[in-house]
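Take a look at the structure set out below.
Every heavy atom of this structure was used, including side-chain atoms; hydrogens, water molecules and symmetry mates were not. In what follows, chains carry the letters A, B, and so on, assigned in the order in which the sequence lines appear, proteins first and then strands, with residues in each chain numbered from 1.
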2 protein chains.
Amino acid sequence: MCAKILADCSPFVNLFYVRVELALSPTISLGIFSDSDDHERQERRDAVANRQLILETAHDLFAQHGVAAVSMADIAGAAHVGKGTLYRRFTNKGELCLALMDEQMRMFQERMLNQMRVESAENTPYLDQLAHFLDALVYFVDIHIPLLYEAAQLAPSLESAAQRPHFWQYMTVRGLLESAARAGELRADLDIEFSAEALLAPVNAQVFRYQRQILGFSLERISAGLRTFVAGVAIAA
Amino acid sequence: MCAKILADCSPFVNLFYVRVELALSPTISLGIFSDSDDHERQERRDAVANRQLILETAHDLFAQHGVAAVSMADIAGAAHVGKGTLYRRFTNKGELCLALMDEQMRMFQERMLNQMRVESAENTPYLDQLAHFLDALVYFVDIHIPLLYEAAQLAPSLESAAQRPHFWQYMTVRGLLESAARAGELRADLDIEFSAEALLAPVNAQVFRYQRQILGFSLERISAGLRTFVAGVAIAA
DNA sequence: CACACAACCGGACTACAGTCCACTTGTATC
DNA sequence: GATACAAGTGGACTGTAGTCCGGTTGTGTG
């Protein structure tokens, strides 16, 4: 599925951005690009209430004891809900973690999208836009690292939703690199798809957490380092 | 502990290489740099036999059913050994996976060490050495990715042994970058420690597996991409 | 309003990682 | 060879993720 979306995508940042956002919206489970009223049989009212209840309960428990220390049974218990109900709403703990940051993720995407629109209008070089994006991403990831890390560890299958955060990041970076290439900002020989992955690799939850907690890198340092690597893919000035 | 070793380490590649290897040898559990006969009370003969038996059994089961599909209980059962015994030898599944590739890892280190010695003698630029190292690493990681991935997922604590493979890779890359810096091959502003991490990030088991299995990148492609990124940290020619 | 059925719910159940501890055995010492 | 005890051993036990299924309830249709 990812591959299909990827293949279909228009190279224009703004366009595919919105599309990706749509495609990955959790309320629209099927019908990838159908944009409005596919009333795919709504969730029942009690189910919606439960989802909300679970999310709030999980949020509180996570805040109180840390993500890793809270079990699914704990959440179900605290929300006075059976485990079956919990797992019907969120197929695994990683999914729940992702759902918990869904709204903020959405806002972050929105913000980045806007920023890129503005910067494009101002003719900011695409590689600068890329650096700005990565900078913002570093700070965003740092805030949500407990949830992101947990989600990454508990992803059962590789194709699964745990890759969702990574996916739009990838599409964005790739889009910016492609734009940069068209604008002649890039070294000619560059493998854009690989480069997008490589630039995002240090922001992978596992890698990022290691850099922060074991190596003690500051956010500024990581961000600056990434900026250097972005500069590395530019044509020699 | 890692931090300490790291701090103490001589910047000379060859030296710290050997030291790291020594320090991380699984048979020498304590006494980090004591180099020869600390007869730290040997394992009992039956224990040694069991370790071997377990390793062989695990190897066979993994080969037959895949790493993920084999449980610790399976291994214990097939080896006619209690779970207590199994866990006394290998504190978790990740540790067992690492032990399983210990010898080949050792040989790989040896090979790389030799190669770097030769290339240094021939005055091969350090950045070229680095590219060669990363190239070899990509192929090595690919062979052992099932074990490496499992080990990475099952690492309980960050400081734990699961970082062992990463650690010497890091020391090597960092050492090469430092040598390159001294030789004036590097951009002046470069953050060497971060760069070492960033160059290795695409070889992180999770990231690497994603690139291979979902994105379908070939080994050649990854290797070539990394080479480009190494070139990116060089001074403009 | 009554009916049907899909969606929902709770909690018992399985499978697995990892711990614990009472018991056994190898080995160093005299 | 007898003794002491550290090291090793097996398997019962705990805690957690995730599945399953019989019973319940909300909602669209006549």
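In this structure, E150(A) places its CD atom 9 Å from P of dA17(D), rounding to the nearest Å. A straight line from CG of L86(B) to P of dG8(D) spans 14 Å, rounded to a whole angstrom. At whole-Å resolution of the value, CZ in R89(A) and P in dT19(D) are 15 Å apart. If you measure from atom CD of Q153(B) to atom P of dG18(C), you get 12 Å, rounded to the nearest angstrom. What separates CG of L53(B) from P of dT9(D) is a distance of 10 Å, to the nearest Å. For the pair Y87(A) OH and dC13(C) C1', the computed distance is 13 Å after rounding to whole Å. In this entry the distance linking CD1 of I75(A) with P of dC9(C) reads 16 Å, nearest Å. One interatomic measurement links the two molecules: CG of N92(B) to P of dT16(D), which rounds to 18 Å at whole-angstrom precision.
Not one N or O on the side chain of S223(B) forms a donor-acceptor pair closer than 3.5 Å with the backbone of L219(B). In this structure a side-chain-to-backbone donor-acceptor pair under 3.5 Å is present from K93(B) to V70(B). In terms of modelled atom types and a separation under 3.5 Å, the side chain of Q153(B) and the main chain of Q153(A) share a donor-acceptor contact. Judged purely by atom type and a 3.5 angstrom limit, D74(B) uses its side chain to pair as donor or acceptor with the backbone of S71(B).
At the phosphate of dG8(D), neither OP1 nor OP2 sits under 4.0 Å from any side-chain N or O atom of T85(B). In this structure, N50(B) does not reach the dG8(D) phosphate: none of its side-chain N or O atoms is under 4.0 Å from OP1 or OP2. Note on K83(A): every side-chain N or O is 4.0 Å or more away from OP1 and OP2 of dG11(C). Within the 4.0 Å cut-off from OP1 or OP2 of dT19(C), not a single side-chain nitrogen or oxygen of R88(B) is found.
Under the rule for a salt bridge (Lys or Arg N to Asp or Glu O under 4.0 Å), the partners of R89(A) that lie at least two apart in sequence or sit in another chain are E43(A).
Geometrically, R221(A) engages F217(A) in a cation-pi contact defined by less than 6.0 Å to the ring centre and at most 45° from the axis.
Non-hydrogen atoms lying under 4.0 Å from DNA chain D are contributed by S71(A), M72(A), all within residues 57-74 of chain A.
What you find for A201(B) and P202(A) is that their closest heavy atoms are CB-N, 3.9 Å.
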